[in-house]
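Presented below is the structure to which this report refers.
Since we're looking at a predicted model, the values are computed, not measured. Lettering of chains follows the sequences in order, A, B, ..., and the numbering in each one begins at 1.
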There are 2 protein chains.
Amino acid sequence: MGVIEKIRPATVKTAAPQADLPLNQILKMDCIEAMRSLPDACIDMVFADPPYNLQLGGDLLRPDNSKVDAVDDDWDKFDTFATYDAFTRAWLAEARRILKPNGSLWVIGSYHNIFRVGTAVQDAGYWILNDIVWRKSNPMPNFKGTRFTNAHETLIWASKSEKSKYTFNYRAMKTLNDELQMRSDWLIPICGGQERLKRNGTKAHPTQKPEALLYRILLACTKPGDVVLDPFFGTGTTGAVARRLGRDWIGCEREDVYCEVAEERIAAALPLDESALKTMQSPKSAPKVAFGQLVEAGYLTPGAKLFDRKRQFEAVVRADGSIACGAVDGSIHKVGSTIQNAPSCNGWTYWHFAASDGAMKPIDDLRQTYLLATEP
Amino acid sequence: MGVIEKIRPATVKTAAPQADLPLNQILKMDCIEAMRSLPDACIDMVFADPPYNLQLGGDLLRPDNSKVDAVDDDWDKFDTFATYDAFTRAWLAEARRILKPNGSLWVIGSYHNIFRVGTAVQDAGYWILNDIVWRKSNPMPNFKGTRFTNAHETLIWASKSEKSKYTFNYRAMKTLNDELQMRSDWLIPICGGQERLKRNGTKAHPTQKPEALLYRILLACTKPGDVVLDPFFGTGTTGAVARRLGRDWIGCEREDVYCEVAEERIAAALPLDESALKTMQSPKSAPKVAFGQLVEAGYLTPGAKLFDRKRQFEAVVRADGSIACGAVDGSIHKVGSTIQNAPSCNGWTYWHFAASDGAMKPIDDLRQTYLLATEP
DNA sequence: AACATTGGTGAATCACTAT
DNA sequence: GATAGTGATTCACCAATGT
């Protein structure tokens, strides 16, 4: 019997002062302008899929309106990069302002732009937690045979600052990946088939992202009820997945066509019910049990003997829940670390007791039994 | 039969004025100084494995309390991003000067530094051709369960300029990859076992790269007789592979110990061993599918019901790919074994879902469908 | 000889709470 | 803010030893 059964339901979040946020809406304007209309520290996650190419076509902010003669290729390139960098730094700064202190940022890009974005992320004060590789199971081939098949895109996951206590649902990710830690390389098909949104028979958006990608991101790094903002909303993949997973969302998008498609799509995306939303929890969210409680409750009698797995050490349980091993005494953890000369020790798994059948079992088993018996 | 045999003989090169180059030698000095001693446009490829600027905190302990041997060498320490950027731009500029017009650059890094390096590569006038993901088959886990397992590093491949007629041995790569185009994600084990160089019983260099990685790079982007320069030579992986493949090399390295180890190693010039060849020839990973992927991909919706063949038990699919059957929850395998009180259970064949025609089908059918749809 | 068990390790930005 | 206490946390591969 595992630990899972003991997990309490998600604690109810204290009424968030978010009543004035434009939740679950598309702000039909430039993303920087849109973010400026929001208060500081109100967003749990920003997911951004910014323009990749550097052919800006007047779309983006140009710090000064000077026109550069495209005589020198290198200079022209530099100007283009500088313009893109300025735009990137501007939206990243706004995004960081509206992020809560423990909020996090996801950005996706390809080799055309991701290095510039990543540098700007670091310079803006974010703290990179991982870079993630989206491996496409069905990428477009390199028709000319001149390069390697460009079969992946890169995502950056960063917290607002180095000290942030960001959300990472470790256990849910491990469960999702067949009880192995989720790695930084994800194999996910590109968006096609029924999922690919069409408008007048052609694809509605050139770079629609697969829902599976957003699903994993939101499941990993947000909690139900969190607010996710997407500055480049497009056809609303972020909104659709957020709604399904019981997260609130805010989108920024200037193109009317995209907004229409996104609104239809999200309306059709049904939220999951609460039981389906539940994910595997880490044992640390289970109520704590002090070793002394087991003694009080009679699961172990004062005077009982505890052993390490190899029976090299023997300790005696005392009435107050401390244990003594030779001259060393104290908590199960402290004695364990002292006699091993280790910096730390989890006494629950280090110490064993002799069960009625003579087998040695970790005292953590007793804790589980106690939890089962005392859970309301 | 390896791939080597398929390589065409070197096309006759126009009399190369390279008689005065320090071929197949280690220049025992700072790499910028070393490159300055070389003439313009004399190198076919630069492969660089620069310091990553890891910025590690305190010690990291494994679950068994042993200490992780961190990279704490002085050569990896930089005060600020600005210092690191200046260093990066300086060596990239020298490297570009000594590259032939059709030469190309490879750089490897992790999320700590690769974004800054990539930005500098673009700003220096190089033209990025691909970014390549080295997926590690055996990375170090994330011991604390705080992030995704950092399971890859990133390489950038760039030509000297946009107009360069760079070398890409498309046919050799396709042959190496079972007659499929070589993709931008490469699965290669980290360097260990016999290949890992030791000095006094401990690793000679903290970040020795696997020969398989260099093998693929040199095979793809150089011709026999080409000159490869490595500004951060370390223990000479680049030199060893270059020699085996009939390429000339030049290394830059300041540390005497690394130079000694590298010289011995290259002199020994071991032929590729069988295991290394195998890793290079069969880069495809086993098509393993986690149950959670089916949920992410929409093959099963959270909230869907699963049944055993006799419909005695019913379980609900949850968002993270766990299932819940009454009070029991966990993976499809664990829940199956628990409710049957069996030591183990193959969830794929035990659990069934109701197909659109009402028939009960094992979820393994979904896995097969998914594999067919996503097989790379 | 063949197989099972144990121990070691790899470019890592690796905890949280109460006092 | 610093310190101390509690206790959560690992995958693949290789080498050496044990059965």
Side-chain angles (χ1 to χ4, degrees), chain A residues 3 122 126-131 157-159 162-163 165-166 168 170-171 174 177-184 282-286 288-291 309-310 330-338 342-351 363-364 367, chain B residues 49-73 75-78 81 108-114 134 136-154 187 189-196 198 201-203 205-210 232 234 275 279:
Chain A
V3 163
Q122 289 180 313
Y126 294 92
W127 189 247
I128 297 185
L129 299 166
N130 277 117
D131 60 336
W157 176 39
S159 57
E162 183 177 353
K163 304 295 180 202
K165 291 175 185 167
Y166 54 87
F168 181 57
Y170 173 76
R171 205 63 196 73
K174 192 168 176 177
N177 195 37
D178 253 6
E179 291 304 316
L180 285 180
Q181 285 189 338
M182 186 69 81
R183 299 169 37 120
S184 56
S282 156
K284 72 178 142 190
S285 52
K288 271 193 194 175
V289 177
F291 181 69
R309 200 172 50 83
K310 294 183 179 173
S331 73
I332 50 173
H333 314 294
K334 178 157 175 280
V335 173
S337 63
T338 304
S344 69
C345 167
N346 184 345
W348 291 109
T349 50
Y350 181 76
W351 293 109
I363 56 177
D364 197 45
R367 179 167 63 160
Chain B
D49 180 9
Y52 286 9
N53 189 22
L54 286 182
Q55 309 175 66
L56 302 180
D59 287 347
L60 175 63
L61 298 180
R62 302 167 191 270
D64 64 1
N65 277 324
S66 66
K67 203 177 117 191
V68 172
D69 185 18
V71 177
D72 54 2
D73 307 73
W75 49 252
D76 196 50
K77 295 206 187 330
F78 295 84
F81 279 139
I108 183 168
S110 66
Y111 67 84
H112 309 85
N113 71 323
I114 197 64
W134 167 28
K136 304 180 184 185
S137 56
N138 49 350
M140 195 184 318
N142 182 292
F143 294 115
K144 304 294 187 191
T146 54
R147 304 181 180 189
F148 299 97
T149 304
N150 192 7
H152 74 275
E153 294 188 24
T154 301
L187 183 66
I190 59 176
C191 181
Q194 295 302 316
E195 190 189 328
R196 187 84 193 204
K198 299 280 171 70
T202 57
K203 56 188 178 190
H205 193 282
T207 71
Q208 186 184 340
K209 296 294 176 287
F232 308 96
S275 66
T279 28

In whole angstrom, what separates [X]'s [atom1] from [N]'s [atom2]?
X	N	atom1	atom2	answer
A:Glu162	C:dA12	CD	P	18 Å
A:Glu179	D:dT9	CD	P	12 Å
B:Asp49	C:dA11	CG	P	10 Å
B:Ile190	D:dT10	CD1	P	18 Å
B:Asp64	D:dC11	CG	P	13 Å
B:Tyr52	C:dT13	OH	C1'	14 Å
B:Leu61	D:dG7	CG	C1'	13 Å
A:Tyr166	C:dC14	OH	C1'	7 Å

OP1 or OP2 of [N] under 4.0 Å from side-chain N/O of [X]:
X	N	value
B:Gln55	C:dA12	no
A:Ser282	D:dT9	yes
A:Tyr170	D:dT10	yes
B:Lys136	C:dG10	no
B:Arg196	C:dA11	yes
B:Asn150	C:dT13	yes
B:Lys198	D:dA15	no
A:Ser331	D:dT6	yes

Please state whether the rings of B:Trp75 and B:His205 are parallel, tilted or perpendicular, taking 30° and 60° as the class boundaries. parallel
Measure from the side chain of [X], starting at C-beta and using heavy atoms only, and say which of [options] lies closest.
X	options	result
B:Tyr111	D:dT10, C:dA12, C:dG7	C:dA12
B:Met140	D:dA8, C:dT13, C:dG10	C:dG10
A:Lys165	C:dT17, D:dG7, C:dT13	C:dT17
B:Lys209	C:dA11, D:dT10, C:dG10	C:dA11
A:Asn346	D:dA12, C:dG10, D:dA8	D:dA8

What does [X] touch in the nucleic acid at a heavy-atom separation under 4.0 angstrom: a base, only the sugar-phosphate, or nothing?
X	result
A:Ile128	base
A:Cys345	base
B:Ser137	sugar-phosphate
B:Thr207	base
B:Gly58	base
B:Asp69	sugar-phosphate

Taking the nucleotide of DNA chain C with the nearest heavy atom to each, does B:Gly145 or B:Arg62 sit closer to the 5' end? B:Arg62
Along DNA chain C (nearest heavy atom to each residue), the more 5'-positioned of B:Pro50 and B:Pro141: B:Pro50
For [N], the Watson-Crick or wobble counterpart (both distances under 3.5 Å):
N	answer
C:dA12	none
D:dT10	none
C:dT17	D:dA4

Do the side chain of A:Asn346 and the main chain of A:His333 share a donor and acceptor less than 3.5 angstrom apart? no
Between [N] and [M], how far apart are the two [atom1] atoms, rounded to whole Å?
N	M	atom1	value
C:dC14	D:dC11	C1'	15 Å
D:dT10	C:dT9	C1'	12 Å
C:dA1	D:dT19	C1'	12 Å
D:dA15	C:dA11	P	16 Å

Given B:Leu54, which partner from the list B:Val71, B:Asp73, B:Asn113 fulfils the side chain to side chain contact (heavy atoms under 4.5 Å, CB included) test? B:Val71
B:Asp72 versus B:Leu56: any side-chain heavy-atom pair under 4.5 Å?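 A side-chain contact is absent here, since even the closest heavy-atom pair is not under 4.5 Å.
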Mind checking whether A:Tyr166 and B:Arg147 have side chains closer than 4.5 Å, heavy atoms only? yes
Looking only at N and O atoms, is any donor in the side chain of A:Arg367 or the base of D:dG7 less than 3.5 Å from an acceptor on the other one? no
Donor-acceptor pair (no angle test) under 3.5 Å: A:Arg171 side chain, D:dT9 base: no
B:Asn138 or B:Phe143, whichever maps to the more 5' nucleotide of DNA chain D: B:Phe143
Which is more 5' along DNA chain D, the nucleotide nearest B:Lys144 or the one nearest A:Arg183? Just name the residue.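 Its nearest nucleotide being more 5', the pick is B:Lys144.
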Decide whether B:Glu153 and B:Ser110 meet the rule of one side-chain donor and one side-chain acceptor closer than 3.5 Å.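 Judged by distance alone, the side chains do not pair up.
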Centres of the B:His112 and A:Trp127 rings: under 6.0 Å? no
Taking the six-membered ring for Trp, are A:Phe168 and A:Trp157 ring centroids under 6.0 Å apart? yes
Can you measure from CZ (B:Phe143) to CD (A:Gln181) and round to the nearest 0.5 angstrom?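 Output value for this atom pair is 8.5 Å.
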Assigned glycosidic conformation for C:dT5 [threshold 90° from 0]: anti
